[in-house]
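This report concerns only the one structure given below.
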Amino acid sequence: MSSHHRPLLQLAPSVQTTKVVTTTTTTTTYAPIPLPPLPAPSSPKDPKTYPLLNAHLPKSLREFRLEFPGGANATFRDGEVGEQAMPEEGEVVGGAHWRMLRHDEDGEAAKEVGLIEAIERYGRKRSYSNEDRMEGIETISGVVTNTPPRKRAKPAPLQHIPPMNAAAPPSPLPSPHGSPPPESIWPSAPPSGHSSPQPPQAPIQPDLSLTTLLALPALLSHYSNLPPQLQSHVLLTFLRHSPLSVLRTLHSILTPTLARDFLTILPPELVSHVLSYLSFSDLARASRVSKAWRAIIDSDPVLWRDLLRSTKIWFGRGSEIAFADAIFARRRRQGLPAPGALPLPHPYKILFKSRHLTRTRWVQNQNPKRITFPAHGRSVVTCLIFSHGRIISASDDHSIHVYSPATGELLRSLDGHEGGVWALAATKNTLVSGSTDRTVRIWDLETGRCTHVFGGHTSTVRCLAIVKPEMIDVENEGGVITREKWPKRPLIVTGSRDHSLRVWSLPKPGDDEYRCYGADDNEVDPSEEDVEDNPYHKLHLEGHDHAVRALAARGRTLVSGSYDCTVRIWDIITGTCKWVLVGHTQKVYSVVLDIHRNLACSGSMDGTVRVWNLQTGQCQHTLTGHTSLVGLLGLSPSYLVSAAADSTLRVWNPDTGEHHHTLAAHNGAITCFQHDEFKVLSGSDGTLKMWDIRDGSQVRDLLTGIVGVWQVVFEGRWCVAASNRMDSTVLDVWDFANEEGDEEWVGEPPGGLYDEDSDEEEEEDEQAEVDAMDQDLDGDLYIATEEEDIMATWMHTPKKAEGPGPSSRASAMSASPFEGDGPAMQEAAARAAAQLLVGGSGAGPSTLARLPPSNEETPTRPRIRNMGHRRR
């Protein structure tokens, strides 16, 4: 109870029954009796030293009933409750033909009459003299009573009421503060209504409870002047003689008042150390304690970094930094956090939750949600990617489709190519495709329009990649390594069967559209385009002696693999060929790139995988074990995975070349696969299998009993597979999320290739590029690309005469790894893929094994352009 509020004692209405001739019952309601207020502190008190001074007491202690001798009842209310019960200042109380006047109204009637005075006035009308009044009622001077005497019973003598000071404990010392004189609080006996007068009686008979309430100010005054040790002794003495119910009430008040939030008091480094002893589930519960705890736990990067490491899901190689930068870039673009909102969790917390769900849900959720829908008729799905919540598939029927993973609805159908589409790459709302019609097309995924058509290649565009700006280590002529951002703006790199590669600028939304010569005329060959007329064309990289089968690019580095059995390392800014890597004895079908390790890997028809040092150009490791064509490679921070036509996959350590596991359960050539740090998904011989990459065990079969699996791709909670069944092509989509919290599951794209940069940042960097792409300018923004570490390379048997092209998930979607250039290679490819591609009796053309085209059907040498048709 605060010191500036005066407590009240609200008497219960008294009921008197007088029996003369008739029985009359009179009920009297009394005004609240003001009790002596508590003394105010002599000086302001520090809330930290006196935490209970302004503590909010429970209602059971602010308002409770008292019973006095004789059966009288009263309700004690402290000052706060009494004030809350009073009507508002502007409120007018009234009824039929009457109203209560406000304090500010004039007139004698406006004089406030309390309980005591009201009883006195009424009692004087019934009394003969002052001696007949009830003891304890003071005499009002100036009042003459002429009421004739009436016979009434003599009132019972009242018990003597001791003064307030008498209730104070005896002390040999004088009181430091003089106690106020006792106040007269006793009202007169209530009137007897219209019946004969009755003996006046006090409404209540004083007892120990009332005496204590009257003496409470004096007790508090004495207590406040005691030394702390004696105060403790007095309180402890009271508590030792208090029942359990009283102790529980006090405990409910003291516990929250004396509690201290140590997380908000300790230094951040100590808080992080304390929280590091909690498990993930305990941290989740602790974050629900309060907003302050949630903000502390969610925003501590060291806590979540250590938790990632302790649970063995910290992968390194820049993958965590790339994830954090992508989340920060996304928040900047979305304007988060909103003003006044709670602090957003650190990206490491989001990463921990996502990786934890990826590790557990894919194994524990035995019945994920699944939808199946037809796609591309009977044609082969040559390319499949998952980008920004969209499924994008391409086929040898010349079409590109965009689907919703949640419903399977066909969102867009991109038509324009005149040949099969064998390479795809996407960034935000831009899609780049390469085809056997020798063109490269740029699509707006929001509208479905083809905004640009690039010509220049004289044969099938086999593979392509989008290279996004990112921070990389660059060594200058003096041997000093600096961090710079390259390229200055996004680029497109394309590889073709015409033995060459080309580098283009990626058009931004709103840039001028461009369509090459013959883009809209089927009678004109687009390869006759003069690339000098194309403002987006940057470089033409020549050097390979045969078709370019695969490529991977990141930063300034481009790796290309060719049927000439070599791997070349290029600088895509200057166009310089830095290394020609010789070692394979047969055609190179797949390459991957890791700029963090400064190495590249290549797979060949000679059955080997080679690991190359990009700084020296030397072969660090030759990985042997496969007995046939190694057509697919995938690289993650900890694992290198190779897939071959010998029906096996092998897991390697990319740093040491050590062989970890051989995944052997398929019966035919591996046609597609993708992996991360937890699992491998592989397709072959009509089955799609899931493996545990850490121990090499088979987890489950996702698809069985089908003709063939064309493509597979996964990201976060989603998995998509394209397969052939019942003479038609279908897409299967699995959603491994099964709880409400799984909506926060953020998938990691292969190789940590994120796509969260803004157009404004690209424009700022473009100003620094000027016209020379080899200017070495510093950058300050790290943005991961979507093109380096190839997590899967897709393999198919081509359908058209024009040979299919390779790719990885982000850099390019490949055709069959068994494709050859001559009859002997056609025969070998047919034997290797027959079991995969032949279904039943071959009733439809899509179920038959299609032999790859001969060298004459798909030229691999650049054509001689007819300059008479060149556009001016």
Please confirm whether the backbone N or O of [Y] pairs with a side-chain atom of [X], one donor and one acceptor, at under 3.5 Å?
X      : Y      : value
Arg355 : Ile313 : yes
Ser221 : Pro217 : no
Ser636 : Tyr639 : yes
Glu320 : Phe315 : yes
Arg700 : Val363 : yes
Ser272 : Pro268 : no
Asp473 : Ile481 : no

Tell me, with the steps shown, if Val699 and Lys679 meet side chain to side chain contact (heavy atoms under 4.5 Å, CB included). CA-CA 9 Å; Val699 178; Lys679 59 187 177 296; over 6 Å; no
Report the C-alpha distance between Asp692 and Ser697 in whole Å, list the side-chain angles of each, state the deciding distance to 0.1 Å, and finish with yes or no for side-chain hydrogen bond (donor to acceptor under 3.5 Å, both in side chains). CA-CA 5 Å; Asp692 188 328; Ser697 62; 4.6 Å; no
With a sphere of 6.0 Å drawn around OH of Tyr50, does it hold more than 12 non-hydrogen atoms of other residues, nucleotides or ligands? no
Should the heavy atoms of other residues, nucleotides or ligands under 6.0 Å from CZ of Arg694 be counted, would the total exceed 12? yes
Option passing side chain to side chain donor-acceptor pair (under 3.5 Å) with Asp755 (candidates Lys428, His388, Arg330): His388
When the ring planes of Phe352 and His356 are compared, do they come out parallel, tilted or perpendicular, using 30° and 60° as the limits? parallel
When you compare the side chain of Pro368 with that of Trp734, does any pair of heavy atoms fall below 4.5 Å? yes
Please determine whether side chain to side chain contact (heavy atoms under 4.5 Å, CB included) holds for the pair Val733 and Phe386, giving the CA-CA distance in whole Å, both sets of side-chain angles, and the decisive distance to 0.1 Å. CA-CA 11 Å; Val733 182; Phe386 191 92; over 6 Å; no
What residues, two or more places apart in sequence or in another chain, satisfy ring pair (Phe, Tyr, Trp, His ring centres under 6.0 Å) together with Trp314? Tyr348
